[in-house]
Protein chains: 2
Amino acid sequence: MTEKATPSPEAIKAWARLMRVSRQLMESAEEALKTAGLPPLAWYDVLHELAEAGEDGLRPFQLIERTLFAQYNISRLLARLEADGLVEKLPVADDGRGQTIRIAAQGRETRRQMWAVYGRSIAELVGAKLSADELTMVSALLGRLRHPPASD
Amino acid sequence: MTEKATPSPEAIKAWARLMRVSRQLMESAEEALKTAGLPPLAWYDVLHELAEAGEDGLRPFQLIERTLFAQYNISRLLARLEADGLVEKLPVADDGRGQTIRIAAQGRETRRQMWAVYGRSIAELVGAKLSADELTMVSALLGRLRHPPASD
DNA sequence: AGACGATAGATGCAATTGCATCAAGCTTGA
DNA sequence: TCAAGCTTGATGCAATTGCATCTATCGTCT
């Protein structure tokens, strides 16, 4: 059993940095969106997945897998997105319990507007701070902290 | 003006990894604490700062600076900590508006119990996945994403 | 077919967060 | 000195989150 109950100083430092920096960056990005009068990041995450999925859409449980949101969270978020006309809920043929969520034209437009702001935040907060090689290094190292670990 | 509105693919990837991994790790740590019947991470952050501050304690606004919590959040968190007997609120001599927050004996004990679980999570989730050198590299790279950038 | 357990998604209720604002005390400057 | 503005911390209210549970449908096993 190689598990250690007490982490090394390096591990503690890396953890602290990770938690602090990620929170700080996320808040910056959220603030930029809010200032622009746009919806919060969570909406972007969902719209992004749905846009990538295309006309076939996605089932809510697939969104849960992809976004890490809790089930009840997705359920309510989708209700809000539908109320705003950004997505459509379609019944699914071979499963009477389920539904398929498809992004609506207005959803694509909102996503586009959000990306204009969000992308700029990423460029400023991350892209401008580290070189491409360093960014690749960060991705690789963080990927190994994922569960399951990412190879690329 | 060197600002780019559209981030590089490397920046997008690093951002996505950072957001996703930090959320995943934090949820793992939160879950471990909850399973152990202990308070959430936010409590640890505050108790940690107060423990380091020692008998002199800290003013709430100092906690805000150190933890990045919003003011109203700290205000209510401290109310809960006090209600649980983990901290004491003391009037401060030279400023009638303010108060000094001091960690109580029971607060130290709770923090100790939380660290037993939290530290193990850090060791498992981070310490066991990367070498000391790699962890140092992560800290250094993330430090440059901070505002203001960290040198160490 | 019928029963039983698993899966998909919604929802009532309590706790927390976010926003805006407030009250109280401090500081500065005329 | 005292008005105006700033800082510190609290709080009412709305929105969101978390938890537990519920309904409905599906799949499987007998």
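Just so it is clear: chains get the letters A, B, ... in the order the sequence lines come, proteins before strands, and each one is counted from 1. Since the model is a prediction, treat every value here as computed from it, not as a measurement.
Between B:K89 and D:dT8, a side-chain N or O to OP1/OP2 separation shorter than 4.0 Å is absent.
Applying a 4.0 Å cut-off to non-hydrogen atoms, the residues of residues 47-66 of chain A that approach DNA chain C are A:R59, A:P60, A:F61, listed by residue number.
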* Structure fact -> Expected string for nucleotides 12-20 of chain C under the B/S/- scheme (protein heavy atoms, under 4.0 Å, primed atoms plus P, OP1, OP2 as sugar-phosphate) is BB--SBBB-

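The aromatic rings of B:Y118 and B:Y44 sit perpendicular to each other, their planes meeting at more than 60°, with 30° as the lower class boundary.
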Where do N or O atoms of nucleotides 24-28 of chain C meet protein N or O atoms at under 3.5 Å, pair by pair?
{"from": "C:dG25", "atom 1": "O3'", "to": "B:G96", "atom 2": "N", "distance (Å)": "3.4"}
{"from": "C:dG25", "atom 1": "N2", "to": "B:R97", "atom 2": "NH1", "distance (Å)": "2.9"}
{"from": "C:dC26", "atom 1": "OP1", "to": "B:G96", "atom 2": "N", "distance (Å)": "2.6"}

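Taking atom CD1 on B:I74 and atom P on D:dG9, their separation rounds to 10 Å, with Å as the unit. Look at CG on A:L77: it is 14 Å from C1' on C:dA10, rounded to the nearest Å.
A donor-acceptor pair is defined here as one N or O able to donate and one able to accept, closer than 3.5 Å; such a pair exists between the side chain of A:R144 and the backbone of B:K129.
Between the CD1 atom of A:I103 and the CD atom of A:E109 there is a distance of 10.5 Å, given to the nearest 0.5 Å. Remark: A:L142 CG to B:L142 CG distance equals 6.0 Å, nearest 0.5 Å. Separation of atoms CG (A:L86) and CZ (A:R80) is listed at 12.5 Å; rounding is to 0.5 Å.
Partners of A:R59 by salt bridge (Lys or Arg N to Asp or Glu O under 4.0 Å), not counting sequence neighbours, listed by chain and number: A:D95. Contacts of A:R108 classified as salt bridge (Lys or Arg N to Asp or Glu O under 4.0 Å), with partners at least two apart in sequence or in another chain: A:E55.
Ion pair A:K13/A:E10 not flagged as a salt bridge, since none of the NZ, NE, NH1 or NH2 atoms sits closer than 4.0 Å to an Asp/Glu carboxylate oxygen. In summary, B:K34 and B:E31 do not engage in a salt bridge, as defined by a charged side-chain N under 4.0 Å from a carboxylate O.
For residues 68-96 of chain B, no pair satisfies ring pair (Phe, Tyr, Trp, His ring centres under 6.0 Å), with sequence neighbours left out.
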